[in-house]
Protein chains: 2
Amino acid sequence: MLHIHDVRKLTGVTVRTLRHYDHLDLLMPAAKTEGGHRLYGEYELKKLQQIQFLKQIGFSLGEIKSMLQEENWEWTDSIKKQLIYVVQEQQHLHQTEILLRELMNSIALEGQDHLEAIRKLMLLMDGEKTMQDRYKEKVFNQQQMQLLDRIPRMVGHDSDSLEWIGLIGQLKEHMDRGLSDDRVQQIIRRMDEKRSEQFEGEDDFLNKLWEIRLSPEESEKMGLYPIDQDLLHFMEDAYTVFMQSKQKEKD
Amino acid sequence: MLHIHDVRKLTGVTVRTLRHYDHLDLLMPAAKTEGGHRLYGEYELKKLQQIQFLKQIGFSLGEIKSMLQEENWEWTDSIKKQLIYVVQEQQHLHQTEILLRELMNSIALEGQDHLEAIRKLMLLMDGEKTMQDRYKEKVFNQQQMQLLDRIPRMVGHDSDSLEWIGLIGQLKEHMDRGLSDDRVQQIIRRMDEKRSEQFEGEDDFLNKLWEIRLSPEESEKMGLYPIDQDLLHFMEDAYTVFMQSKQKEKD
DNA sequence: TCTACAAAATGACGTTACGTCATTTTCAAG
DNA sequence: CTTGAAAATGACGTAACGTCATTTTGTAGA
């Protein structure tokens with residue numbers, strides 16, 4: 001059994017923090033001495049490190065508690081949420097950095113008149129007129145959109161959707177090789193295998209593609225969303241080629 | 001003179017915030033009615049917007065107060081300090097983003113065992129980069145070092161890495177089906193395809209890599225994501241089966 | 001001019017993850 | 001059994017407000 005000070009020496013976590021976690025019922029000592037001194041065991045050390053890790057990723061102690069306690073907590077939801085937050089924060093900080101640099105330049109130009117510099121910058125910020133600003137705003141929005149697109153697409157919570165995402169991504173990468181290219185056809189074959197596992201039955205790949213187009217929600221569940229139209233067509237065509245050569249093989 | 005509610009409508013700043021700023025002596029109303037209601041003028045509006053601007057750049061209310069009050073405040077110092085902070089924060093968030101993506105992938109691989117996913121990631125984090133590089137240089141030659149960049153990474157959100165992770169995860173899921181199961185063999189075939197796409201003719205490299213993979217300690221030294229031993233052996237065996245049936249087909 | 005109801009003011013507590021006292025107990029060595 | 005070090009407990013502070021609850025004030029209509 002480890003004394004609270006030993007835990008501190010081992011992990012670097014302060015005594016106050018350990019008491020705090022105890023208070024929150026996040027990490028309780030394995031036992032206490034008669035006099036009430038906290039004693040920690042192997043298990044607590046491990047848990048403490050998990051807590052540190054999750055904290056580093058930016059989760060609040062409350063969320064961490066839920067994650068570690070509740071048996072069927074939706075980790076993937078939490079992680080996605082956090083990912084979106086982190087990406088947006090980076091965007092925000094990037095904008096802030098730009099503003100700071102502009103402010104610095106502005107001050108250099110205006111000399112001592114800081115407030116005048118600010119005033120001019122503020123005009124730039126939410127000014128309603130200049131084309132530049134409209135352009136900036138547009139670009140910013142586009143970036144935002146791209147980010148929001150990219151995040152759900154590039155994270156999958158299970159190995160199956162992860163592979164779908166990977167396959168689709170690679171198909172996109174290899175589009176320029178043409179429909180009959182080996183790599184393309186291999187990807188399509190793998191897709192066909194997967195869809196036959198998942199959607200056993202008559203509806204074929206083309207139907208599946210149709211479905212995807214008609215039902216964004218379904219495809220999002222599968223991690224397929226969003227797919228652009230070009231890729232969809234390419235997939236369709238490649239699949240046709242695939243089926244034809246499969247037919248030939250049979251003959 | 002503007003009523004507090006008018007200020008809110010004009011600027012979007014809440015009544016509570018205005019009261020708060022008054023309390024802090026940051027922004028005092030130009031006058032008060034007999035009954036104590038706050039009245040704001042043109043000057044206060046302008047100052048409020050400056051405050052909003054500086055707040056957006058990330059300064060604290062305390063600093064803002066100093067900036068606007070003290071005549072010869074060193075603005076450039078503050079701005080530089082803030083700039084440094086913002087840049088550091090971005091780097092920090094970037095690291096966090098990587099960790100989150102790794103965690104997501106790790107969870108996809110490990111299935112529902114989130115804590116195991118965390119444990120493995122923590123192992124990866126602890127490893128020192130310089131040690132890893134040194135180890136790599138010892139094992140691989142110059143040319144092979146370049147190939148190392150192409151092996152799938154847990155952190156990678158490139159579609160290739162994602163598919164690898166997906167494939168490994170699915171192999172793990174289907175282990176209980178046995179070596180010759182269709183799904184297992186299809187996965188292996190896809191793996192083999194990917195292998196030959198990227199590492200055709202680099203058998204020496206692949207053999208070395210596989211040996212390292214087979215040893216958890218060696219893997220850790222290189223900073224590779226630890227994969228369960230039994231899964232690796234299963235993969236090896238299933239591959240043997242795959243090669244055999246491929247041979248038969250030829251005959 | 002009185003009334004009534006909206007809006008404002010005041011004060012206090014809550015939030016996050018602990019740091020930092022101040023005070024009291026407990027532990028372990030001599 | 002003493003004693004000094006370490007632990008425990010409790011309380012306050014932090015940043016920038018949000019959110020009550022309660023009391024006053026402003027003003028429009030009768």
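Proteins get letters first, then strands, A, B, ... in listed order; numbering begins at 1 in each. These numbers were taken from a predicted model, which means no experiment stands behind them.
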Report summary line: 5' to 3', nucleotides 9-18 of chain D under a 4.0 Å protein heavy-atom cut-off (B base, S sugar-phosphate only, - none) gives BBB----BBB
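Contact check on B/Lys47 versus B/Glu44 returns no salt bridge, with no Lys/Arg side-chain nitrogen under 4.0 Å from an Asp/Glu carboxylate oxygen.
In this structure, A/Gln56 atom CD and C/dA17 atom P are separated by 15 Å, rounded to whole Å. If you take NE2 of B/His37 and P of D/dG26, they are 5 Å apart, rounded to a whole angstrom. Rounded to a whole Å, the CZ atom of B/Arg8 is 16 Å from the C1' atom of C/dA6. We find that CD1 of B/Ile4 is positioned 14 Å from P of D/dG26, with the value rounded to whole Å. The CG atom of A/Leu18 sits 14 Å away from the C1' atom of C/dG19 (whole-angstrom rounding). Atom NE2 of B/His5 and atom P of D/dG26 are 17 Å apart (whole Å).
B/His3 has no side-chain polar atom (N or O) that falls below the 4.0 Å cut-off from OP1 or OP2 of C/dA7.
Classified by interplanar angle (parallel below 30°, tilted 30° to 60°, perpendicular above 60°), the ring pair A/His3/A/His37 is tilted.
Within 6.0 Å of NE2 on B/His233 lie more than 12 heavy atoms contributed by other residues, nucleotides or ligands.
For A/Glu63, the salt bridge (Lys or Arg N to Asp or Glu O under 4.0 Å) test picks out no residue, with sequence neighbours left out.
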Query raised in the report: Could you go step by step and tell me if B/Glu218 and B/Lys221 meet the salt bridge (Lys or Arg N to Asp or Glu O under 4.0 Å) rule?
Result: CA-CA 5 Å; B/Glu218 307 283 297; B/Lys221 273 191 217 163; 3.4 Å; yes
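Residues B/Tyr225 and B/Glu102 bring no donor and acceptor atom of their side chains to less than 3.5 Å of each other.
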